[in-house]
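Report on the following structure.
The model shown is predicted, which means the values in this text are computed figures rather than measured ones. Nothing fancy with the numbering, it's 1 onward along the sequence.
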Amino acid sequence: MTEAEVDERIRDLIEPFNKKDIDIVAATTFANDLEFDSLTVMDFVAEIEDEFDIIISMNQQAEIETYGQLVSAVHKLQDS
């Protein structure tokens, strides 16, 4: 799956979590722009893990701050 295809699928998954209807770009941050709290992050990560059949470790989650970083990380994980 290409990074563009990963991006498209994650955009579908993030929609119900995007309560403020923010325009999602690579630099969009989860904490500041989307105002995700820790529970929302856990729910969103679970959706991604189920969709792509991957595991995103707690260490990886801590390093992912932007939407673009998430797409890249998921793309790499599903390729391995």
- prompt: Any link between Y67 and M42 through a network of hydrophobic side chains (Ile, Leu, Val, Met, Phe, Trp, Tyr) touching at under 4.5 Å?
  reply: no

- prompt: With no hydrogens and no angle check, is any side-chain donor or acceptor of E51 less than 3.5 Å from a backbone partner on E47?
  reply: no

field: H75 side-chain N/O to M1 backbone N/O, donor-acceptor pair under 3.5 Å
entry: yes

Which heavy atom of [X] sits nearest a heavy atom of [Y], and at what distance?
{"X": "V41", "Y": "Q61", "answer": "CG1-OE1, 4.3 Å"}
{"X": "A73", "Y": "I64", "answer": "CB-CD1, 3.7 Å"}
{"X": "Q60", "Y": "I55", "answer": "OE1-O, 3.9 Å"}
{"X": "I24", "Y": "R11", "answer": "O-NH1, 3.0 Å"}

Drop me the distance from [X]'s [atom1] to [Y]'s [atom2], to the nearest 0.5 angstrom.
{"X": "T29", "Y": "E65", "atom1": "OG1", "atom2": "CD", "value": "8.5 Å"}
{"X": "E8", "Y": "L13", "atom1": "CD", "atom2": "CG", "value": "11.5 Å"}
{"X": "I48", "Y": "I56", "atom1": "CD1", "atom2": "CD1", "value": "5.0 Å"}
{"X": "T40", "Y": "F30", "atom1": "OG1", "atom2": "CZ", "value": "12.0 Å"}
{"X": "L70", "Y": "T28", "atom1": "CG", "atom2": "OG1", "value": "11.5 Å"}

With heavy-atom distances below 4.5 Å as the criterion, would you say the side chains of [X] and [Y] are in contact?
{"X": "L34", "Y": "I14", "result": "yes"}
{"X": "F52", "Y": "I10", "result": "yes"}
{"X": "F36", "Y": "D43", "result": "no"}
{"X": "V74", "Y": "R9", "result": "no"}

query: Considering residues, nucleotides and ligands other than E5, do more than 12 of their heavy atoms fall under 6.0 Å from its CD?
result: yes

- prompt: Within a radius of less than 6.0 Å around CG of D53, do more than 12 heavy atoms belonging to other residues, nucleotides or ligands occur?
  reply: no

